[in-house]
Amino acid sequence: MNANGSRLSGITKELWTQWLQTREYWRDSKSEEFEHKYLEELLASVDKTVTVIEQLDKLITKIKKDCE
């Protein structure tokens, strides 16, 4: 499960890198609105999700050990 969190984090960083390149050519009020409305929210949500995935991974590991 932790690998999924790492993958999600990596893909999101890749998206942000692509956005930074796009922003070099698209710099107006709509691009700023898009960044604030969608990308910043996405980054915050992904960070929270990755944290939860890590916690779930630890919990599942503990449950497996307890069941052995």
Side-chain angles (χ1 to χ4, degrees):
M1 184 176 283
N2 203 13
N4 292 327
S6 296
R7 183 166 185 248
L8 177 60
S9 182
I11 290 170
T12 304
K13 287 178 185 175
E14 184 179 328
L15 175 64
W16 183 252
T17 300
Q18 292 295 321
W19 170 249
L20 293 177
Q21 291 175 358
T22 301
R23 201 168 64 174
E24 292 176 15
Y25 300 98
W26 182 33
R27 197 66 178 158
D28 60 9
S29 62
K30 287 295 182 183
S31 71
E32 290 177 17
E33 178 184 342
F34 178 82
E35 182 175 323
H36 294 301
K37 189 173 183 179
Y38 298 106
L39 293 178
E40 289 176 358
E41 179 67 29
L42 175 67
L43 293 175
S45 296
V46 166
D47 286 343
K48 291 176 187 174
T49 301
V50 169
T51 300
V52 170
I53 289 171
E54 289 170 352
Q55 292 171 346
L56 284 172
D57 189 52
K58 289 177 185 175
L59 180 61
I60 289 171
T61 300
K62 183 182 181 314
I63 290 171
K64 285 180 180 178
K65 284 183 180 180
D66 289 349
C67 290
E68 290 177 346

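Position 1 is the first residue of the sequence; numbering continues from there.
Listed by first then second residue, pairs satisfying side-chain hydrogen bond (donor to acceptor under 3.5 Å, both in side chains) with a partner in residues 48-63 read Lys62-Asp66, not counting sequence neighbours.
Residues Ser9 and Val46 approach most closely at CA-CG1, 4.5 Å, considering heavy atoms.
Using a 4.0 Å cut-off between a side-chain N of Lys or Arg and a carboxylate O of Asp or Glu, Glu68 and Lys65 do not qualify as a salt bridge.
Below 30°, between 30° and 60°, or above 60°: for Trp26 and Phe34 the angle between ring planes is between 30° and 60°, a tilted geometry.
One finds the NZ atom of Lys13 at 11.0 Å from the CG atom of Leu8 (value rounded to the nearest 0.5 Å). Annotation: the span from Glu40 atom CD to Trp16 atom CH2 amounts to 6.0 Å, rounded to 0.5 Å. Residue Leu39 holds its CG atom at 9.5 Å from OG1 of Thr22, rounded to the nearest 0.5 Å.
Heavy-atom contacts from other residues, nucleotides or ligands closer than 6.0 Å to CD of Gln18 number more than 12. Around the CZ atom of Arg23, the shell of radius 6.0 Å holds more than 12 heavy atoms that belong to other residues, nucleotides or ligands.
If you chain together hydrophobic residues whose side chains sit under 4.5 Å apart, Leu43 and Tyr38 fall into the same group. Linking ILVMFWY side-chain heavy atoms closer than 4.5 Å, directly or via other members, places Trp19 and Leu42 in a single hydrophobic cluster. Tyr25 is not connected to Leu15 by any chain of hydrophobic side-chain contacts under 4.5 Å among Ile, Leu, Val, Met, Phe, Trp and Tyr, and they are in different clusters.
For Lys37, the salt bridge (Lys or Arg N to Asp or Glu O under 4.0 Å) test picks out no residue, with sequence neighbours left out.
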